[in-house]
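Structure first, commentary second.
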Amino acid sequence: MGRGRVQLKRIENKINRQVTFSKRRAGLLKKAHEISVLCDAEVALIVFSTKGKLFEYSSDSCMEKILERYERYSFAERQLAANDVERTGSWTLEHAKLKARLEVLERNHRHFMGEDLDSLSLRELQNLEQQLDSALKLVRSKKNQLMFESISELQKKDKALQEQNNLLAKKVREREKALAQDNQWEEQIHDLDTSSNLLPQPTLNINRDGREDYEGNSPQHRATALLPPWMLRNINE
């Protein structure tokens, strides 16, 4: 018949408790030695009896080296844990601040939209009214500024278009004047050609000196017949 499971609780009988301590201590030290040898691990074991007697075991490394290593790693872990706690606390605090600020902004937005006004007192409503009046003045001022700037820009464009229109009109007038002068000159040439065809044909006369002379076709007459009227007037003057 096999042994039943031993209930883990304090042994009340002192003798039995001391015997059990001696047996379990020896088995614990044996297991520590086995794990250090089999697994090539650094093992340090410290046991204090109920009377305060020290029992210890360490692998090939000395106990002080293992304890120093333990303290180093333990300190590093505590620092990491503290940093995590501090970082987590910092983020938690920042989240709380942002959340509170968001709630205030949302509440103010609802108030500006005319919502949830029942919870406001008379003084708070007056402050809200002043804020809305100030905001409305700023909006109107900005609107007037944009309107004035737009009007000024349109006036500049209108002035530039008027100057361009005047310049084009001046060029058109100059062109029309040049065309009129060309037409007038062509008409004068046409009239001159017509009048030359109507002149009598030159007749051959014999001078006393025996030289031939053509009436109505002297060099001066031929020259004046080919000139325009305005040049003839200048010559006669």
Side-chain angles (χ1 to χ4, degrees), residues 79-199 219-237:
Q79 286 294 109
L80 290 175
N83 293 335
D84 291 339
V85 172
E86 182 179 359
R87 190 181 299 109
T88 303
S90 177
W91 282 111
T92 303
L93 181 60
E94 187 68 20
H95 177 265
K97 289 181 179 179
L98 293 176
K99 186 177 180 179
R101 185 176 180 183
L102 179 61
E103 292 177 355
V104 172
L105 292 175
E106 290 178 349
R107 184 173 63 253
N108 291 337
H109 180 265
R110 290 194 300 269
H111 292 167
F112 289 143
M113 296 300 294
E115 301 174 356
D116 297 340
L117 300 178
D118 296 336
S119 60
L120 298 180
S121 63
L122 178 61
R123 187 176 186 85
E124 291 175 343
L125 290 173
Q126 290 176 349
N127 293 333
L128 179 62
E129 183 180 7
Q130 292 177 358
Q131 293 177 2
L132 291 174
D133 290 339
S134 300
L136 184 59
K137 290 179 181 179
L138 293 175
V139 171
R140 288 176 177 173
S141 176
K142 186 62 177 180
K143 183 191 71 174
N144 294 332
Q145 180 182 357
L146 293 177
M147 290 179 60
F148 290 149
E149 291 177 355
S150 179
I151 293 173
S152 177
E153 188 68 21
L154 291 176
Q155 289 177 351
K156 291 180 180 179
K157 291 182 179 180
D158 181 66
K159 184 178 180 181
L161 291 174
Q162 288 181 357
E163 293 178 353
Q164 187 176 4
N165 189 23
N166 295 333
L167 181 61
L168 292 175
K170 182 178 179 181
K171 291 182 178 180
V172 170
R173 289 193 298 270
E174 292 177 354
R175 181 63 178 171
E176 291 177 351
K177 185 177 180 181
L179 291 175
Q181 291 179 354
D182 293 340
N183 293 333
Q184 184 179 3
W185 176 248
E186 290 178 356
E187 290 177 357
Q188 291 178 357
I189 293 176
H190 179 71
D191 295 340
L192 182 60
D193 292 339
T194 304
S195 61
S196 64
N197 293 330
L198 296 176
L199 291 175
Q220 183 178 3
H221 180 72
R222 290 195 299 270
T224 56
L226 296 176
L227 294 177
W230 61 273
M231 292 184 68
L232 292 176
R233 288 195 298 271
N234 292 334
I235 293 173
N236 294 330
E237 291 177 358

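Side chains included, hydrogens not; waters and symmetry mates left out as well; all remaining heavy atoms used.
Legend: salt bridge (charged side-chain N to carboxylate O under 4.0 Å, His left out) pairs involving residues 98-110, not counting sequence neighbours, sorted by first then second residue: R110-D116.
Between the CG atom in D158 and the CG atom in L154 there is a gap of 8.5 Å [rounded to 0.5 Å]. Atom CD of Q126 sits about 10.5 Å away from atom CD of E124, to the nearest 0.5 Å. The structure places NZ of K142 at 11.5 Å from CG of N144, a figure rounded to the nearest 0.5 Å. The distance from atom OG of S152 to atom CE of M147, rounded to the nearest 0.5 Å, is 13.5 Å. Rounded to the nearest 0.5 angstrom, R175 CZ and L168 CG are separated by 14.5 Å. In this structure, the separation between CG on L136 and NZ on K143 is 9.0 Å, given to the nearest 0.5 Å.
Side chains of R173 and K177 form no contact here, defined as non-hydrogen atoms less than 4.5 Å apart.
At a cut-off of 3.5 Å, with distance as the only test, no side-chain donor of Q162 or N166 sits close to an acceptor on the other residue.
In terms of heavy-atom proximity, L128 sits nearest to L117 at CD2-CD2, 3.9 Å.
Listed for the S141 side chain is no donor-acceptor partner under 3.5 Å among the backbone atoms of K137.
The side chain to side chain donor-acceptor pair (under 3.5 Å) search around N183 returns none, not counting sequence neighbours.
Heavy-atom neighbours of Q164 CD from other residues, nucleotides or ligands within 6.0 Å: at or below the threshold of 12.
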